[in-house]
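Here's the structure we're looking at; comments come further down.
Order of the sequence lines sets the chain letters (A, B, ...), proteins ahead of strands, with each chain counted from 1.
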Amino acid sequence: MDLDKQYNSKDVETKWYTLWEAKGYFRPASDRSQTIDHRPQTTDKKKAASVDRGLSTVDSKYVIVIPPPNVTGILHMGHALNSAIQDILTRLNRMKGVDTLWVPGVDHAGIATQNVVEKKLAKEKKTRWDLGREAFLKEVWKWKNENGSTITRQLRRLGSSCDWTRERFTMDEGLSKAVREAFVTLYERGLIYRGHYIINWCPRCQTALSDEEAAHKDMQGGLYHLKYPIAGHKPPYEKMGEDHLVVATTRPETMLGDTAVAVHPDDLRYKHLIGKKVVLPLLNREIPVIADAFVDPEFGTGIVKVTPAHDPNDFAMGHRHNLEQINVMTPDAKINEHGGPYKGMDRFEARKKILQDLEEQGLFVRRDSHLHAVGHCYRCETVVEPYLSKQWFVKMQPLAEKALKAHDEGKTVFYPDRWTKVYKNWLTGIRDWCISRQIWWGHQIPVWYCEKCSTEYGVRSTAKNPSTEAPYAVPRTPYEGIIVSRTTPEKCPQCGSKELTQDPDVLDTWFSSWLWPFSTLGWPEKTEDLRKFYPTSDLVTAPEIIFFWVARMIMAGLEFLGEVPFTRVHIHGTVRAASGLKMSKSLGNSIDPLEVIEEMGADALRYSLVMLSAQDVYLSREKFETGRNFTTKVWNACRFVLMQIGDLQGASHDPAQFEKDKLSLPSRWILSRFEEKTAEIERLLSQFGLAQAATELYHLVWDDFCDWYIELAKPMVQSENVALKVETQKVLFFVCERMLRLLHPFMPFMTEEIWQTFKVKAGSPVTWPESIMLAAWPGREKQSFRDEEAQKAIGLLQDAVTGLRDLRVRSQIAPTDKLTAIFVCKEAKTREILNTFEREVKVLGRLEALQCVLEFKKTGAMAAHSYPAFDVFIPLEGIRDPEEEKKRLQKKIQETEQWIKNIRNKVENPSFAAKAPKEILEKEKEKLADAEKLLVSYQNQFASF
RNA sequence: GGGCUCGUAGCUCAGUUGGUUAGAGCACUACCUUGACAUGGUAGGGGUCACAGGUUCGAAUCCUGUCGGGCCCACCA
């Protein structure tokens, strides 16, 4: 019945998690056949009526949206923090009796997963092309089935109480259906188009990426200045603007695709050259000099080489001037047949060779060191290439407008608020979303091309000038020869041909993730879950995911269901290594959450993380010790309580069992303290202040409960006064049980383990829920124990005891020596209180006897400690170092005088009296009185030397 | 270039809408293996709240500027 001396996190965690899941506690209450009574039970009906049972919100629901982790992922600290926060919110609401749902799952992580499997194949010297699409996909599924549940298994280790019966995967049948529905719906609404544009291309993954997937990093690179001869001139080229122009570029290899050179139309230096031709070196192609306002005359020479197929700006310029687009690269970033002699070279190899060749021809001017942002593939870190290709896009502006409107109507709220701006800015300047990926693992685009009436994927042949497919000129009717369909079509509706080919590309993984809040609930079917749980309540995620996911989910929710998918968005900090860098495996600075769980337990991990999460979390191993020590403290405190209460009959968690006025002061105090802090914690939690709430709880448990109440209770439970003894046992039990419930969302495992023992202890006739998970959250109960008087009294007691302890240390009196102390207090009230606490002060201050007197003259060797309300003296064999003592007192006197001066200045300032609130004024006056009393005490002491 | 954020004890950070003599954890010093707990207890030392102005009776907190970190966004080659 009692708890083991040491907490065994491993066994306890497995035991309870298995049971919780088996019993269906993770499922929403409305799903379970038996109704669970969340109310604390009481045997006294009359008193019960006065207690708020926390049932008022039973009709409401709480649904949290979890970011689906990547199927290839393993749990890292970011997940751990994210899941800990979500689990706290979930457990909290469940305890409040709210119908609570948390749907878990993973996304298929198209590129990442495909990379993993391709790497595996590479070991057997095979590529996906060797296998073919179908066989390759089989391999990926095989891999997924074998390895894809790692992360969800790890989430369980953390204690995440998600409803695993509803677990989803973005490639599930249902979610795939949702993806098709979304695609086709958007297409029908004219919000999806296919176009020939510059996109971010990863040469290693060989696929297009969205703008968000190309992470820009500042890199020190070169800005190369090159000479382009003006047509008709011969080397040497020495007169800039007459026989040649100088252009600057960071990517010299793209010059192979140059189709113009541009200057600003008003740039007088070059006006005469507009319309003339220059000769593209190495390839000896004549290209025109054009005028375009995009060119910044201030930058470099004011002349830009224009490569429409390899740079988004040049692409736009190319459109304005009807320039040819010459793609000089193959999908794996080698120079293609348009690159003449450089064909077959890798882009960086070609760069070197080109610079070398230019140098030989006297066309290389110089290289400047240049810091610029270079895009990198977020999955493999390869430098992405702006690349011209035909891709599918979602037209974002109409979607973004809805999201912005919803936000203005107050339908979405960010915590903390500053992220609102980030969100809105992104939406305001949003660009179209490239959703097609040239990989195989994912949702294949539900578009079919008729082999008869459309050649080569339909539109490509008709698009000689891609400008006819500008993003905001989307045809209202489907492209001819293109079939966009929710189901696999059998024949072409135009010509009846059965020779149909599905678009080989798949959709961006986020195109399935952005549907998550409703696709997981069954959409597009009109399911019961969807009706009941949509829209959801909260989303908890990290800032880096706002664009990828949060904003897009909001847009999707509004577009497909007409409602925001969640109202509150909680953005927590990023987890970083102590060095400030992002934690990542490749940097070797990561701390594996599972190792921490093994070593210290999941509860310690969770508590530490949450306490640190007020801002970005900078982690080092030692930081987990705080949580570990705290869990140990809780364990031991509960162990003590269990030992003390023995076989107490009728131990109950019913607040109605106590009559405030009849309790001892310490009990009144701890009950008051708990009530006060519980309200505070409730307040903090309601505004997502989890870190602050965890800190409050930490101090409540450690400082108030363990350091003071338990110490005060020790003499009381050993008292011969049976009534006092039993009362104290009951309060210990009551407070401790309540503490466990407050702690449960933060440290689920240990609290359950202890609580079950408590439950056994409580015995009949009190009935308890089966698990602490189903017990009531104490935050909403009626306030009935607030007790100013007790708080004041215990404050005095704490001063008295602390003062005595201080005296002992300062006077070097052995802790075991019993002493007699004299308390001098002017006020009868204070004397009365100290007298009441005689027993407690004696025990905690290790006294043999104590006296409370009105006045006292120090005689002989005595040490003293002063408080505004009283002085305390103890006899002393001999003062160790009188000079030290004198100095100390002098310092104290000085400090106090300064203090008094400060308050005087304040209080006696007429403006203060006129303008400050009365409360503050009163407080200041009290302070002044206290300070003056203190000063007198110090001066008296000093005088006695 | 734009935006956000931070600068408080040796270290990591709390500090609500301005109002106790600015707090905690770790580290440090001294004492304590006391029957819940040494992953502990008691007591103590340690801070011009980055800097300079301003608003105010009153500023760590609000405003302006400066310096110094970090992050995000951005198509200037």
Under-3.5 Å N/O pairs linking protein and nucleotides 73-77 of chain B:
residue, atom, partner, partner atom, Å
B:C75, OP1, A:R431, NH2, 3.3
B:C75, O2', A:N313, ND2, 2.4
B:C75, N1, A:N313, OD1, 3.1
B:C75, O2, A:N313, OD1, 2.2
B:C75, O2, A:N313, ND2, 3.3
B:C76, O2, A:D296, OD2, 3.2
B:C76, N3, A:D296, OD2, 3.0
B:A77, O2', A:A248, O, 2.4
B:A77, N6, A:D296, O, 2.7
B:A77, N6, A:F299, O, 2.9
B:A77, N1, A:D296, N, 3.3

I'd like a list of close polar pairs between nucleotides 32-35 of chain B and the protein, N/O only, cut-off under 3.5 Å.
none

Nucleotide N/O of nucleotides 9-11 of chain B paired with protein N/O under 3.5 Å:
none

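Side-chain N/O atoms of A:R418 include none lying less than 4.0 angstrom from OP1 or OP2 on B:C4. In terms of phosphate contacts, A:Q615 brings a side-chain nitrogen or oxygen within less than 4.0 Å of OP1 or OP2 of B:A14. Taking only side-chain nitrogens and oxygens, A:Q692 never comes nearer than 4.0 Å to OP1 or OP2 of B:U16.
Against RNA chain B, the stretch residues 682-689 of chain A makes heavy-atom approaches under 4.0 Å through A:R683.
Rounded to a whole angstrom, the distance from the P atom of B:C6 to that of B:U42 is 34 Å.
Cation-pi geometry between A:K623 and A:Y618 is not met at under 6.0 angstrom from the ring centre and within 45 degrees of the axis.
The side chain of A:R805 sits closest to B:U42 out of B:U42, B:G19, B:G40.
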**Complete:** Quick tally for nucleotides 21-29 of chain B: nucleotides whose base has a protein heavy atom under 4.0 Å get B, sugar-phosphate-only ones S, the rest -, giving B--SS----
**Complete:** Encoded 5' to 3' (Watson-Crick or G-U under 3.5 Å; [ ] crossing; | other strand), RNA chain B becomes (((((((..((((.....[...)))).(((((.......))))).....(((((..]....))))))))))))....
